[in-house]
Amino acid sequence: NAYLGARPIADALARGAGVVVTGRVADASLTIGPLAHEFGWGWSAADLDRIAAGTVAGHLIECGAQATGGLWINADDSTRLADVGYPIAEMAADGTFTLTKLEGTGRA
């Protein structure tokens, strides 16, 4: 099996797709494809820093609640994993991002 990258996702969005159904893609491609489309990032050296930042954001949100407090070794009876919350990456066109989660979803 071959993993596809972000480029086919960005291409499908550029052609007007509202939903892109893929085969196997690298986890971060699900973030990079829409970011490249939305912000007009290319695939040349000029955009590599932005693509790298988007890759980091993609991997962090792919980790789910592990990135927002759901992975710890000291769980006890008071631990409420159902309230951990899942990460949200708020991205900017320059590649900077803030990782956050919804209020009321456990500790910061």
[atom1] of [X] to [atom2] of [Y]: how many Å apart, nearest 0.5 Å?
X: Thr22; Y: Leu4; atom1: OG1; atom2: CG; answer: 7.5 Å
X: Thr68; Y: Ile61; atom1: OG1; atom2: CD1; answer: 11.5 Å
X: Arg15; Y: Leu13; atom1: CZ; atom2: CG; answer: 10.5 Å
X: Ile32; Y: His37; atom1: CD1; atom2: NE2; answer: 14.5 Å

Please confirm whether the backbone N or O of [Y] pairs with a side-chain atom of [X], one donor and one acceptor, at under 3.5 Å?
X: Thr31; Y: Gly54; value: no
X: Trp41; Y: Ala93; value: yes
X: Thr55; Y: Ile51; value: yes

(request) Report yes or no: do Leu102 and Leu99 belong to one cluster of Ile/Leu/Val/Met/Phe/Trp/Tyr joined by side chain heavy-atom distances under 4.5 Å? (result) no

(request) Give the cluster check for Ile88 versus Phe97: same hydrophobic cluster or not, with ILVMFWY residues linked at side-chain heavy-atom distances below 4.5 Å. (result) no

If you define the side chain from C-beta out and look only at heavy atoms, does anything of [X] sit under 4.5 Å from [Y]?
X: Trp43; Y: Arg7; result: yes
X: Leu30; Y: Val25; result: yes
X: Phe39; Y: Asp47; result: no

Closest approach of [X] to [Y] (non-hydrogen atoms, all atoms of both residues):
X: Ala53; Y: Gly95; value: CB-O, 3.1 Å
X: Ser29; Y: Pro34; value: O-CD, 4.0 Å
X: Tyr3; Y: Ala26; value: CD2-N, 3.6 Å
X: Ala12; Y: Val20; value: CB-CG2, 3.8 Å

(request) State whether the number of non-hydrogen atoms from other residues, nucleotides or ligands found under 6.0 Å of Asp49 atom CG is greater than 12. (result) no

(request) Determine whether more than 12 heavy atoms belonging to other residues, nucleotides or ligands lie under 6.0 Å from atom OH of Tyr86. (result) no

